[in-house]
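Letters A, B, ... mirror the listed sequences (proteins, then strands); counts begin at 1.
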Amino acid sequence: MYSRAYKTIVSLPPLVWIGMFLLLPYALMFAHSFWLVRNGMIVHHWGLRNYATLFQNPLYAEVLFRTMRIAAGVTLLSLLLGYPLAYYMSFHAGARKDLLYQLVIVPLWVSYLVRGYAWKTILGSDGVLNGFLQYIHITKEPVSFFLYSPFAVILMLTHIYTPFVFLPLYASLEHIPRNLVEASHDLGAGWRATFLRVILPLSLPGLLAGATFAFVLTLGDFLAPLLVGGPSSIMIANIVQSLFGTAYDWPLGASISVCILLLTISLLFLTEQLEKKWAYQ
Amino acid sequence: MSGEPKHTRSPRLLGLYALAVFAFLYLPIVVLVVYSFNRDGVGGFPPRHFTWNWYQQLFGDSAIWDSVANSLMVAAGAVVLSLTLGLLAALALDRATFPGKSIFRRLVLLPLILPGIITGLSLLMFAVYEGLQLSLLTVFLGHGTALISVATTELFAGLQKMDRSQEEASLDLGATPWQSFWRVTLPNLKLSLIAAGLLIFTLSMDEIAVTFFLIGRDNTLPLEIWARLRRGITPEINAVSTLIFGVSVILILIWYQIRARSMGKEAQELLERP
Amino acid sequence: MTPDDSRPEHDPAASISKETLLEIRQVSKCFGSREVLKGISLEIAAGEFLTLLGESGSGKTTLLRLIAGFEQPSSGEIRMAGERLDTLPPYKRRVNTVFQNYALFPHLSVRENVSYGLQVSGVAKTEISGRASDALRMVKMEEYAASRTTKLSGGQQQRVALARALVNRPKLLLLDEPLSALDANLRKQMQVELKTLQRELGITFLFVTHDQEEAMALSDRIALLKDGALEQVGSPREIYAHPATSYAAQFIGQTNLVRTDVRGGIARCGSLQWGTTSSDGNVLFSLRPEAIHRVADGRVPTDAVRFHGLIRQQIFSGSSEQLELEVSGALLKARVPAQGPLAGAHEFWFSPSDAVAVLE
């Protein structure tokens, strides 16, 4: 029903724009990763030198593994907080369901920086938590290890990603037909068996989507370590950032970015396949 | 009425757990707001003396207000740019066929799923390659392009829900495709457009990862705050954060008003998508 | 025919064992201020096929859900084999349900669906496999054991749902409009199979439907619900021949409702009159269309009520003709053996015993 002219008019501008301002930049990133820096200048000398460096210097692998550990920690904690909340709201909250739902949404709209900053003021050595602990006489001296540790990074990012994890989980729980739960009870399964055998398997796609979200977003985060992490929790994106800044080795930075990009895309591809497999209806 | 038997009552332990999760989600926000009124600054417990000082200091702080103006300009531009191109892209994905369509779709959505640092750095390299001076213009181009992903997702969903026969009826009644677009297609997408616009505006106002690499001399609000944080914590940042939080809540409320006046369910789904 | 002759010689309701399995005592259910069940009392005998029949909103599904345990009665109690049932959670009741939309687990195969109840109640693995196979064979689904339930047709899903419920050997099987999603032919076929299965297994079936034909075809007894209260309980033949109320008469089969004035044992309506045992006053009679015969078609008993009717409409339906007669200003439906087009005025008759006095 749409004419050729119509189709051309709607397709051409976004195609050109995306090609120019998205495809070309991403392509430049790939190109840089094969170039080199000599005497403070980027030379268009193609080769795999950067990738070789990444594999030979154990520092990079170490930071990457730390990043993945932190990402796994954030994912796990967000699920641990988000799943019971979603389960409670979907199956037991009754009429308060909608109000509670909105209450989970609100923090989602609050600025990343604002929330990160709040944690900084809470965890710092003259922070609110230390003040509180001294006030109730649990500690006498300020405790300094709250802030500037991988723990602080995990805490802050968990706080930020829990609502993100919650949303797909809650949606998948809400989509479970209630008569399946009734059927399970009817066949003799109590709440625990019903949860393990019916609800949990049917919520797996939502769980997977939420987990992927938290993991991938943490993987590429460089702000949380700067804000609350300190040197002991430098993540892979921080290395990239410093290579593009003071360390000035764009090609090496680009090669790490390409690695992050490939890791992200293969993770997303993997979970997409699993989600398809687990989507029953 | 007889009392509910045990097995149908909601499990109390789980309810307490849910309450604790809510406390965790809201605690930092509450602390932030409370300490923006604390005379003795951030930290210490309990907060003792109420003051407006930090807000007064904030209102006299021209650097902050300049950055707010910059952010507003960038966000407004990003909304216009990404909505325009996102609408076209959504129409193209919905109605046109061209070689590489599925690659195009994935490419458009890439900034949504990739870490911001990768998109930011790619655009930085592009800007340098093209000899562009880093400035608010590059930030605007970056936001506008990255957020096409959000606009396309929202508007494509809106188009999919739209009844195609409405447009057929319009053409059947003698309207040209151009008239049908303005009189039927666009009004049908009104809610999706508002939802996408609000979302893009909020995301742009809040963006750091991409902005970080594209910024010139003039800061946006998040980068201004970021720069000050490196120098240390001051309650003035609590004050500005509280204001940002207030504006976010107001935006949500505005959205609910619009939604309540327009229609019910599908709009809710739009908001519920982050 | 006398009223007593119209009773079947073999009444299944009379022949089944009189041992009561389920006892519903004064059960009410309110949702907010809306009372959807109003003091229902009903007993179901072991081995019986009882149907809860009613229109949507009559409360039949709510009653079923109270028995299954998905809802709690607001007052009253339910007992099974003498023991309180309504205080138990659904998973502790020896009652199983075939759900309206089957509620098959989409993430499990056909065999896993059928094994579910056995697995959760800790039946030994070796036993599970055998019982699941038996159940699948019983519903002729053994060749689909490994299939995903989402790939099955409606009729096949229906069979799996039945096998899944029966494999637990419940004392009572609840069926919530299980055939309503099937097309007409499949439906008829499944009715026959359900009835056969129930006879073979001897399990008590409590069947919910809004389809009176289905209820008549399947049930030993029908409990007719209207607005949350029981209208009449009895065997299909009993209710058909002796509807207690005008609602029962109209809902189960077609009928003519004839308003009469009874005085001194004689009911009068226009030019018609016949003897009745009803006491004096305004009395409503139900007269089934097939109880009206054409005088020309055969021998007329001596006590027959004869009248002239003008044929207004004739609808041919295979073995019979449905006629609409105008009789002294009123319209009566009649069903006579098929015999070609009829027109004009004819003389008809009915037997006074076929006119059944009903409550409003």
Side-chain angles (χ1 to χ4, degrees), chain A residues 79 83 86-88 90-99 168-211 271-281, chain C residues 32 61 64-71 88-109 112-123 128 132 135 148-151 157 160-170 172-178:
Chain A
L79 285 176
Y83 201 111
Y87 176 79
Y88 173 79
S90 188
F91 288 96
H92 297 287
R96 282 165 306 175
K97 211 181 227 184
D98 291 336
L99 176 72
L169 261 176
Y170 182 71
S172 70
L173 289 174
E174 283 290 277
H175 277 129
I176 296 175
R178 289 315 191 247
N179 64 6
L180 293 184
V181 178
E182 286 178 353
S184 172
H185 289 321
D186 187 73
L187 293 167
W191 274 104
R192 182 198 294 266
T194 301
F195 174 75
L196 290 175
R197 287 167 178 271
V198 178
I199 297 173
L200 185 62
L202 287 176
S203 67
L204 278 182
L207 191 143
L208 196 65
T271 51
E272 200 181 320
Q273 297 308 310
L274 272 177
E275 258 176 76
K276 256 185 221 156
K277 202 181 142 206
W278 288 341
Y280 307 101
Q281 277 135 333
Chain C
T61 294
L64 198 76
R65 291 173 61 81
L66 288 176
I67 299 167
F70 306 138
E71 307 279 356
L88 293 176
Y91 43 89
K92 291 198 178 141
R93 301 185 183 197
R94 287 210 55 188
V95 172
N96 286 118
T97 308
V98 176
F99 288 79
Q100 188 169 10
N101 304 312
Y102 319 134
L104 296 178
F105 301 121
H107 59 300
L108 302 180
S109 70
E112 288 166 333
N113 260 281
V114 174
S115 311
Y116 187 92
L118 301 174
Q119 284 169 347
V120 296
S121 45
V123 174
I128 291 179
R148 281 236 178 265
T149 55
T150 43
K151 301 266 186 284
Q157 291 191 21
V160 177
L162 198 59
R164 185 179 71 172
L166 286 174
V167 77
N168 283 7
R169 296 177 187 153
L172 173 63
L173 186 73
L174 308 175
L175 301 102
D176 186 6
E177 307 223 15

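Residue contact with chain A, scored on non-hydrogen atoms closer than 4.5 Å, involves the backbone and the side chain of C/Arg164 alike. In this structure, no portion of C/Ser121 lies under 4.5 Å from any heavy atom of chain A. With a 4.5 angstrom heavy-atom cutoff, C/Gln119 touches chain A via backbone and side-chain atoms both. Both the backbone and the side chain of C/Asn96 come within contact range of chain A, each with at least one heavy atom under 4.5 Å from a heavy atom of that chain. Residue A/Arg178: no heavy atom, backbone or side chain, is found under 4.5 Å from chain C.
Heavy-atom pairs under 4.5 Å with chain A peak, among C/Val120, C/Leu104, C/Leu118, C/Asn101, at C/Val120.
Taking the side chain as every heavy atom from C-beta outward, A/Trp191 and C/Pro89 never approach each other to under 4.5 Å.
In this structure, C/Thr97 and A/Asp186 approach most closely via the heavy-atom pair N-OD2, 2.5 Å. Heavy atoms only, all atoms of each residue included: A/Glu182 and C/Arg65 are closest at OE2-NH2, 2.5 Å. The minimum heavy-atom distance between C/Ala103 and A/Leu180, with the atom names listed, is O-CD2, 3.2 Å. Taking both residues in full, the closest heavy atoms of A/Ala189 and C/Tyr116 are given as CB-OH, 3.7 Å, listed atom of the first, atom of the second, then distance. Considering all non-hydrogen atoms of both residues, C/Phe105 and A/Leu187 come closest at CE1-CD1, 4.2 Å.
Judged by distance alone, with hydrogens and angles left aside, the side-chain atoms of A/His185 form no donor-acceptor pair with the main-chain N or O of C/Ala68 at under 3.5 Å.
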